[in-house]
J.: 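Before I ask anything, let me first share the structure, which is written out below as structure tokens.
Numbering of ligands and ligand atoms starts at 1, following listing order. One is the number of the first residue; the rest follow in order along the sequence.
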Amino acid sequence: MTTNHHSDTILIIDFGSQVTQLIARRVREAGAYCEIVPFQSAAEAFARIKPRGVILSGSPHSAIDIGSPRAPQEVFEAGIPVLGICYGEQTMCAQLGGQVEAGHEREFGRAFLEIEADCALFDDVWARGTRHQVWMSHGDRVTALPEGFKVVGTSRGAPFAAIADEKRRFYAVQFHPEVVHTPDGARLLANFVRNIVGVKGEWTMSAYRQQAVEAIRKQVGDKKVICALSGGVDSSVAALLVHEAVGEQLTCILVDHGLMRKNEAADVVAMFRQHYNLPLILVDASDRFISALEGETDPETKRKTIGRLFIEVFEEEAKKLGGADFLAQGTLYPDVIESVSFTGGPSVTIKSHHNVGGLPERMNMQLVEPLRELFKDEVRVLGKELGLPESFIGRHPFPGPGLAIRCPGGVTREKLEILREADAVYLDEIRKAGLYDAIWQAFAVLLPVQTVGVMGDGRTYEYVCALRAVTSVDGMTADFYHYDMSFLGNAATRIINEVRGINRVVYDVTSKPPGTIEWE
Ligand SMILES: Nc1ncnc2c1ncn2[C@@H]1O[C@H](COP(=O)(O)OP(=O)(O)OP(=O)(O)O)[C@@H](O)[C@H]1O
Ligand SMILES: O=c1[nH]c(=O)c2[nH+]cn([C@@H]3O[C@H](COP(=O)(O)O)[C@@H](O)[C@H]3O)c2[nH]1
Ligand SMILES: NC(=O)CC[C@H](N)C(=O)O
Ligand SMILES: [Mg+2]
């Protein structure tokens, strides 16, 4: 899907900062549509998108180095507002005739900004003569301003911590307004977006929905689309959008691999058939998946086996439908950014995440990805807009390989049944305690370990169940959830009393890193 239908776009040029995505978040919160482009393709994107304003991100590079990245010079010649952040300030100054130096006082973390002068960026947020917390992360600094600029804020380590050329509408800050540790940062960015660039804040999910539906119709025409539907938020919202756009040309395929949570397949089918009358095929492939997994204890082999079977099942189902030209997927913006980021060099594989990404090539299909411009919380808002019930919208993520990776070691039907029950009791307790939304993801794991216990005066020798609950923003890093001990005690008692086959419960207090969220 092309994105040039947004006339009010703000372009964010990414020089490789760790927090560029946060700039986009803040801009969208201010009601403006924006796109991030890596600096290498910025010139092309600038010409194509014709943005109303530009933001230059931070960077691990030093603007002093020969060959360090630059913004396309056209950005400064188009008569539009430009905001430089950290490296963005440094390259802006270097490109417009100022000076950048290294080796002065470095600032990492909390710093304080003295407001020296009025500036449109600070309107209704910071008054002249006041002092405010900001977050810094720099070693280099600007030491001479380009012509036309004035200092509007200073910090201990950065005499030019905030600068402006109000006539040309160029603004730059050495601190990072996009991070939460700059408490007023979001309001500064909103000033840039709404007052300086003058975007009216009409980037809403209902506008997005209309645009997306039109774009899908244009792309798909009268051809057939299939969608792998898990009942997770992303694929559900993608399916609903495509359905709204092309109705019966869409067929969704839900694979019950026998590794779902309790009642999950039935709930997903009921919801989509009843509320949406959405063409959905439920494929019961549980025998096939479970027998293929039999005797397999290596986590990577288990994951790969599941990935391969997913693709096989899909190919077979698509054939039965007489083939399909398009595959709809719930790809999100962070997935897109990660795959184009120039900083993302070759990294080691920790685990092979299952996905159906092998399908398009194998089956010669084109992708329909209506969510590729959105963040997860925006997808949730869009889901609400489309009427998706709350119980689906707020769902914790659930991995494609399902319960198989929550049964470390060999998977059997019996173990899966025990795990399914324990997981259901655990989540029930979490919901009853009102903790579901405070936790990013929670689940039970059935360990391949049996221990001795005593129940009703008899000896037991049964499995250990580990409970996991984490807080996270994006799943990349996570902390264990700090439950009240009495909650854990209650959950453990209920699981042991109600689930045959478990006589001991433990809680996982590992963060990520060094652990991962799932156990395999
Ligand atoms: N049981 C399944 N049947 C069909 N497709 C599936 C199944 N499980 C996963 N998929 C496909 O794999 C994709 C990736 O799974 P993933 O868990 O990342 O996303 P999701 O399930 O849509 O959302 P969430 O991250 O909230 O769980 C899904 O979007 C869906 O297309
Ligand atoms: O769709 C998916 N297919 C997978 O193969 C997969 N493996 C892990 N996960 C989910 O990703 C997040 C991070 O998990 P880890 O810390 O275990 O890597 C957590 O939310 C995990 O549940 C997966 N999701
Ligand atoms: N966070 C940044 O953008 C840092 C810019 C540059 N690398 C410096 O250290 O000053
Ligand atoms: Mg999922």
J.: Run the numbers for me: atoms of ligand 2, each under 4.0 Å from some heavy atom of Thr516, listed by number.
T.: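 Numbered from 1, ligand 2 contributes 15 (P), 16 (O), 17 (O).
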J.: Counting no waters, what protein N/O/S atoms lie under 2.8 Å from the Mg ion (ligand 4)?
T.: Phe398 O
J.: Identify the heavy atoms of Ala186 and Arg26 that sit nearest to each other, and give their distance.
T.: CB-CD, 3.8 Å
J.: Which residue holds the protein heavy atom closest to atom 9 (O) of ligand 3, what is that atom called, and what is the gap in Å?
T.: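 For atom 9 (O) of ligand 3, the nearest protein heavy atom is Gly139 N, 2.8 Å.
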J.: Is the Lys NZ or Arg CZ of Arg156 less than 6.0 Å from the centre of Phe112's six-membered ring, within 45° of the axis?
T.: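 Pair Arg156/Phe112 does not count as cation-pi.
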J.: Flag Asp140 as yes when one of its N or O atoms lies below 3.5 Å from any N or O atom of ligand 3, and as no otherwise.
T.: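 Asp140 vs ligand 3: N/O contact under 3.5 Å present.
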J.: Does any N/O atom on Ile85 come nearer than 3.5 Å to any N/O atom on ligand 3?
T.: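 No, there is no polar N/O contact under 3.5 Å.
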J.: Please report whether ligand 3 has a polar contact with Ser62, defined as an N or O pair separated by less than 3.5 Å (distance criterion only).
T.: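 No.
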J.: How far apart are the closest heavy atoms of Leu403 and Phe398, and which atoms are they?
T.: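 Shortest heavy-atom contact: N-CZ, 4.1 Å.
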J.: On the 0 to 90° scale, with breaks at 30° and 60°, tag the Trp126-Phe122 ring pair as parallel, tilted or perpendicular.
T.: tilted
J.: Could you check Asp287 against Arg413 for salt bridge (Lys or Arg N to Asp or Glu O under 4.0 Å), going step by step and ending with a plain yes or no?
T.: CA-CA 10 Å; Asp287 284 338; Arg413 275 176 201 283; 2.4 Å; yes
J.: Can you sort out which atoms of ligand 2 are near Gly400, meaning under 4.0 Å from one of its heavy atoms?
T.: 1 (O), 2 (C), 3 (N)
J.: Among all protein heavy atoms in this structure, tell me which lies nearest to atom 4 (C) of ligand 3, with the distance rounded to 0.1 Å.
T.: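 Going atom by atom, the protein heavy atom closest to atom 4 (C) of ligand 3 ends up being Ser59 O, 3.3 Å.
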J.: Looking only at non-hydrogen atoms, find the nearest pair between Gly157 and Arg141 and report the distance.
T.: O-NH1, 2.6 Å
J.: If every non-hydrogen atom of Arg70 is compared with every non-hydrogen atom of Ala94, which pair is closest and at what distance?
T.: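 So the minimum-distance heavy-atom pair works out to NH2-CB, 4.1 Å.
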J.: I'd like to know if Ser17 contacts ligand 3, where contact means a heavy-atom distance under 4.0 Å to any ligand atom.
T.: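 The answer is no: ligand 3 sits nowhere under 4.0 Å from a heavy atom of Ser17.
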J.: For ligand 3, which atoms sit closer than 4.0 Å to a heavy atom of Gln90?
T.: 5 (C), 6 (C), 10 (O)
J.: State the atoms of ligand 3, each with its element, that fall below the 4.0 Å cut-off from a heavy-atom position in Gly58.
T.: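 Listed by number with element, the hits are 3 (O).
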J.: Which of the atoms of ligand 2 are close to Trp440, meaning less than 4.0 Å from one of its heavy atoms?
T.: 20 (O)
J.: Which heavy atom of Ala71 sits nearest a heavy atom of Phe15, and at what distance?
T.: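 Scanning both residues, the minimum pair turns out to be N-CZ, 3.9 Å.
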J.: A side-chain contact here means heavy atoms from C-beta on lying under 4.5 Å apart; do Phe46 and Leu11 qualify?
T.: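 The answer is yes, as the side chains (C-beta and beyond) meet within the 4.5 Å cut-off.
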J.: Looking at non-hydrogen atoms alone, which of Lys512, His396, Gln441 comes nearest to atom 20 (O) of ligand 2?
T.: Gln441
J.: Nearest heavy atom to atom 6 (C) of ligand 3: which of Arg141, His138, His61 does it belong to?
T.: His61
J.: Any N or O of Gln174 that comes nearer than 3.5 Å to an N or O of ligand 3?
T.: no
J.: Check this for me, if you would: do Asp479 and Lys512 make a salt bridge, where the nitrogen-to-carboxylate-oxygen distance has to be below 4.0 angstrom?
T.: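 Not counted as a salt bridge, because no side-chain N and carboxylate O are separated by less than 4.0 Å.
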J.: So, regarding Gly475 and ligand 2 (criterion: nitrogen or oxygen to nitrogen or oxygen, under 3.5 Å), is there a contact or not?
T.: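 Min N/O separation from ligand 2 is not below 3.5 Å for Gly475.
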J.: Mark up the atoms of ligand 3 that fall under 4.0 Å of a heavy atom belonging to Ser137, in ascending order.
T.: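 Here the atoms of ligand 3 in question are 1 (N), 2 (C), 4 (C).
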J.: Please report the closest heavy-atom contact between Glu89 and Val173, naming both atoms and the distance.
T.: OE1-C, 3.0 Å
J.: Suppose we measure from atom 2 (C) of ligand 3 to each protein heavy atom; which comes out shortest, and what is that distance?
T.: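 Looking at atom 2 (C) of ligand 3, the protein heavy atom closest to it is Cys86 SG, 2.8 Å.
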J.: Do Arg406 and ligand 2 have an N or O pair less than 3.5 Å apart?
T.: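 No.
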J.: Among Phe443, Tyr436, Tyr426, which residue satisfies the ring-ring contact (aromatic ring centres under 6.0 Å, His included) criterion with His396?
T.: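 Per the ring-ring contact (aromatic ring centres under 6.0 Å, His included) rule, the option paired with His396 is Tyr436, out of Phe443, Tyr436, Tyr426.
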J.: Please assess Ile226 against Met365 for the test side-chain contact (heavy atoms from CB on, under 4.5 Å), listing each intermediate value before the final yes or no.
T.: CA-CA 10 Å; Ile226 58 170; Met365 286 187 289; 4.1 Å; yes
J.: Ignoring angles and geometry beyond distance, decide whether Arg303 reaches within less than 3.5 Å of ligand 2 through its nitrogen or oxygen atoms.
T.: yes
J.: With heavy atoms only and a cut-off of under 4.0 Å, state how Phe443 meets ligand 2: side chain, backbone, both or neither.
T.: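 Answer for Phe443: neither.
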J.: Do His257 and Phe310 make the cut of ring centroids closer than 6.0 angstrom?
T.: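 Judged by ring-centre distance (under 6.0 Å), His257 and Phe310 do meet the cut-off.
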J.: Within ligand 3, which atoms have a heavy atom of His176 less than 4.0 Å away?
T.: 1 (N)
J.: Could you walk me through whether Asp140 and Ser62 satisfy the side chain to side chain donor-acceptor pair (under 3.5 Å) test, starting with their C-alpha distance in whole Å, then the side-chain angles of each, then the deciding distance to 0.1 Å, before giving a yes or no?
T.: CA-CA 7 Å; Asp140 304 342; Ser62 172; 2.6 Å; yes
J.: If you count the atoms of ligand 3 from 1 in the order shown, which ones are under 4.0 Å from a heavy atom of Pro60?
T.: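 Listed by number with element: 7 (N).
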J.: Identify the residue among Thr510, Leu447, Ile405 that makes a side chain to side chain contact (heavy atoms under 4.5 Å, CB included) with Trp519.
T.: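 Among Thr510, Leu447, Ile405, the one that satisfies the side chain to side chain contact (heavy atoms under 4.5 Å, CB included) with Trp519 is Leu447.
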J.: Which one holds for Pro399 and ligand 2: side chain close, backbone close, both close, or neither close, with close meaning a heavy atom under 4.0 Å?
T.: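 For Pro399, the contact with ligand 2 is made by both the backbone and the side chain.
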J.: Show your reasoning for whether salt bridge (Lys or Arg N to Asp or Glu O under 4.0 Å) applies to Glu312 and Arg288.
T.: CA-CA 11 Å; Glu312 284 178 17; Arg288 192 160 165 184; 3.2 Å; yes
